[in-house]
Amino acid sequence: MSDVLLTLPVDAELATAADTAEFGARLANVLVAGDLVILDGPLGAGKTAMTKGIAAGLGVQGRVTSPTFVIAREHRPGPRPHGLPPIALVHVDAYRLGMTGQSALDELDALDLDTDLTDAVVVVEWGEGLVEKLTDGHISVRLTRDPESDVRRVTVRRVTTSAPGDVR
């Protein structure tokens with residue numbers, strides 16, 4: 001499945017967490033350094049599973065875990081599948097941003113993510129409404145999970161902003 005190239009936009013149904021990770025690996029095949037990926041969805045929807053798949057598809061080094069308490073983790077590039085160029089991964093959990101009394105944008109700025117954006121793929125869990133301002137465009141990944149069946153739905157879109165308020 002990970003050898004099949006995704007064409008955005010995508011709407012898909014993912015039966016298991018393993019399918020979610022596999023989808024992430026497929027998504028990684030179309031990512032390049034400088035891409036900002038914003039993962040949105042409720043608790044348990046599969047955001048971290050998706051990130052683990054993206055990391056596997058990028059071939060990054062080290063174990064990928066949710067950076068909830070450290071807010072951001074950087075994973076160094078390793079050999080990438082399919083002979084694609086190596087890319088680092090910056091994995092951010094924005095859930096706690098803004099909960100300390102500072103503005104979320106100030107907290108993001110303190111992480112220096114904008115410096116990493118050109119050299120890495122930056123994946124931000126819980127980032128919708130917070131990190132879009134860091135770039136002119138991003139990849140939006142929305143995940144939902146059916147509590148009865150555990151089936152996940154994923155919608156992936158490339159969003160480009162030319163000017164404030166102009167989303168295509």
Side-chain angles (χ1 to χ4, degrees), residues 1-60 64 66-67 72-75 77-95 108 113-114 116-146 149-168:
M1 185 166 165
S2 63
D3 290 341
V4 178
L5 195 61
L6 287 177
T7 304
L8 301 182
V10 174
D11 290 296
E13 189 171 281
L14 308 168
T16 66
D19 290 339
T20 304
E22 180 64 27
F23 184 90
R26 290 178 55 206
L27 178 58
N29 290 334
V30 299
L31 298 176
V32 297
D35 277 341
L36 172 64
V37 180
I38 300 175
L39 302 179
D40 186 51
L43 193 62
K47 293 179 294 296
T48 301
M50 180 72 66
T51 303
K52 287 179 179 183
I54 291 170
L58 291 176
V60 299
V64 175
S66 180
R73 292 185 195 277
E74 184 169 352
H75 298 276
R80 193 167 175 195
H82 313 296
L84 295 169
I87 303 173
L89 170 69
V90 177
H91 182 197
V92 179
D93 187 329
Y95 184 75
L108 283 169
L113 293 181
D114 51 348
D116 296 319
L117 279 174
T118 57
D119 301 326
V121 168
V122 178
V123 175
V124 183
E125 296 184 33
W126 303 99
E128 187 172 85
L130 296 174
V131 297
E132 294 91 339
K133 298 168 185 77
L134 294 175
T135 65
D136 291 335
H138 65 279
I139 296 170
S140 168
V141 179
R142 293 180 190 266
L143 290 153
T144 58
R145 181 175 59 96
D146 181 330
S149 66
D150 210 33
V151 171
R152 290 154 173 86
R153 293 235 24 110
V154 62
T155 303
V156 183
R157 303 277 182 269
R158 188 173 292 276
V159 179
T160 351
T161 306
S162 300
D166 179 22
V167 177
R168 284 183 254 149

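Numbers here simply count residues along the sequence, with the first being 1. Please read these numbers as outputs of a predicted model, since none were measured by experiment.
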| task | Could you tell me which non-hydrogen atom of A49 sits nearest to which non-hydrogen atom of A17, and how far apart they are? | result | CB-O, 4.1 Å

| query | Could you go step by step and tell me if T48 and E125 meet the side chain to side chain donor-acceptor pair (under 3.5 Å) rule? | reply | CA-CA 8 Å; T48 301; E125 296 184 33; 3.0 Å; yes

| Roughly how far apart are L31 CG and R26 CZ, rounded to 0.5 Å? | 12.5 Å

| query | What is the minimum heavy-atom distance between I54 and A28, and which atoms define it? | reply | O-CB, 3.4 Å

| query | Do you know which two heavy atoms are closest between P81 and A56, and how far apart they sit? | reply | CG-O, 3.9 Å

| query | Would you find a donor on one side and an acceptor on the other, under 3.5 Å apart, between the side chain of K47 and the backbone of G41? | reply | yes

| field | Non-hydrogen atoms of G46 and T20 that approach each other most closely | value | O-CG2, 3.6 Å

| query | Which atom pair, heavy atoms only, marks the closest approach of P42 to L143? | reply | CD-O, 3.4 Å

| task | Just do the side-chain contact (heavy atoms from CB on, under 4.5 Å) check on T160 and D136 with the steps written out, would you? | result | CA-CA 6 Å; T160 351; D136 291 335; 5.7 Å; no

| request: Show the numbers, then the answer: is there a side-chain contact (heavy atoms from CB on, under 4.5 Å) between L39 and V123? | output: CA-CA 7 Å; L39 302 179; V123 175; 3.6 Å; yes

| So do R152 and T144 actually touch side chain to side chain, heavy atoms under 4.5 Å? | no

| said: Using side-chain heavy atoms (C-beta onward) and a distance below 4.5 Å, is R80 in contact with I87? | reply: yes

| Would you say V92 and W126 make side-chain contact, with heavy atoms under 4.5 Å? | no

| field | Of all pairs that satisfy ring-ring contact (aromatic ring centres under 6.0 Å, His included), the ones with a partner from residues 24-44, not counting sequence neighbours | value | none

| Would you call D11-R142 a salt bridge at under 4.0 Å N-O? | no

| Is any side-chain heavy atom of S140 less than 4.5 Å from a side-chain heavy atom of V159? | yes

| query | Would a 4.5 Å heavy-atom cut-off, applied to side chains only, mark M50 and V141 as touching? | reply | yes

| query | Shortest non-hydrogen contact from P77 to P86? | reply | CB-CB, 3.7 Å

| message | Under a 4.0 Å threshold between the charged nitrogen and the carboxylate oxygen, would D35 count as salt-bridged to R158? | response | yes

| query | So do the side chains of L36 and I139 get within less than 4.5 Å of each other, counting heavy atoms only? | reply | no

| Are any non-hydrogen side-chain atoms of D150 and R145 less than 4.5 angstrom apart? | yes

| message | Using side-chain heavy atoms (C-beta onward) and a distance below 4.5 Å, is L27 in contact with V156? | response | yes

| note | Between the CG atom in L8 and the OG1 atom in T155, the distance rounded to the nearest 0.5 Å is 11.5 Å

